[in-house]
Trainee: 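This is the structure, below, for whatever I ask next.
The first residue of the sequence shown is numbered 1, and numbering continues consecutively from there.
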Amino acid sequence: MYSLHATMPADRPDAVPTLDRDRSEPQAAPARVIEIGEVTAGIAVPEGRGVRFFSSSRDFDGLDGAVFRSAEQAARAARERVRARISPDARRSLRALAV
């Protein structure tokens with residue numbers, strides 16, 4: 001649990017107090033947006049020892065709510081989902097363009 005302390009800048013008596021977190025406790029990892037190409041697949045939110053994936057596109061609803069060990073693992077699952085939807089002919093065309 002964080003302990004919060006209100007602080008006022010000494011040189012600005014009209015300033016609004018800000019809350020400073022006690023830095024002795026570890027900070028939680030931030031949520032990460034997962035993008036595949038130009039498409040936002042979803043967001044990976046830290047939870048327990050992993051991250052929970054929340055989809056932001058219907059193409060990734062099958063992963064919605066899934067818990068992964070890391071944001072990287074969630075991104076890998078999203079990329080695999082895109083690859084599975086691409087036809088074999090389109091994959092060959094993509095490979096030819098990459099060469």
Trainee: Can you list everything that forms a side chain to side chain contact (heavy atoms under 4.5 Å, CB included) with A77? Sequence neighbours excluded, please.
Mentor: L63, F68
Trainee: Give, for atom CD of E35 and atom OG of S57, the distance between the pair rounded to the nearest 0.5 Å.
Mentor: 12.0 Å
Trainee: Suppose we screen for side chain to side chain donor-acceptor pair (under 3.5 Å). Which residues come up paired with D61, at least two apart in sequence or across chains?
Mentor: S55
Trainee: Which residues pass the side chain to side chain donor-acceptor pair (under 3.5 Å) test with Q73, sequence neighbours left out?
Mentor: none
Trainee: Please tabulate, for the side chains in residues 37-53, all donor-acceptor contacts under 3.5 angstrom to protein atoms that are two or more places apart in sequence or on a different chain.
Mentor:
from : atom 1 : to  : atom 2 : distance (Å)
E47  : OE1    : R52 : NE     : 2.8
E47  : OE2    : R52 : NE     : 3.2
E47  : OE2    : R52 : NH2    : 2.6
R52  : NH1    : G65 : O      : 2.5

Trainee: Output every pair passing salt bridge (Lys or Arg N to Asp or Glu O under 4.0 Å) with a member in residues 62-79, not counting sequence neighbours, ordered by first then second residue.
Mentor: R32-E72
Trainee: Can you name the closest pair of heavy atoms from A75 and I36 and give their distance?
Mentor: O-CD1, 4.0 Å
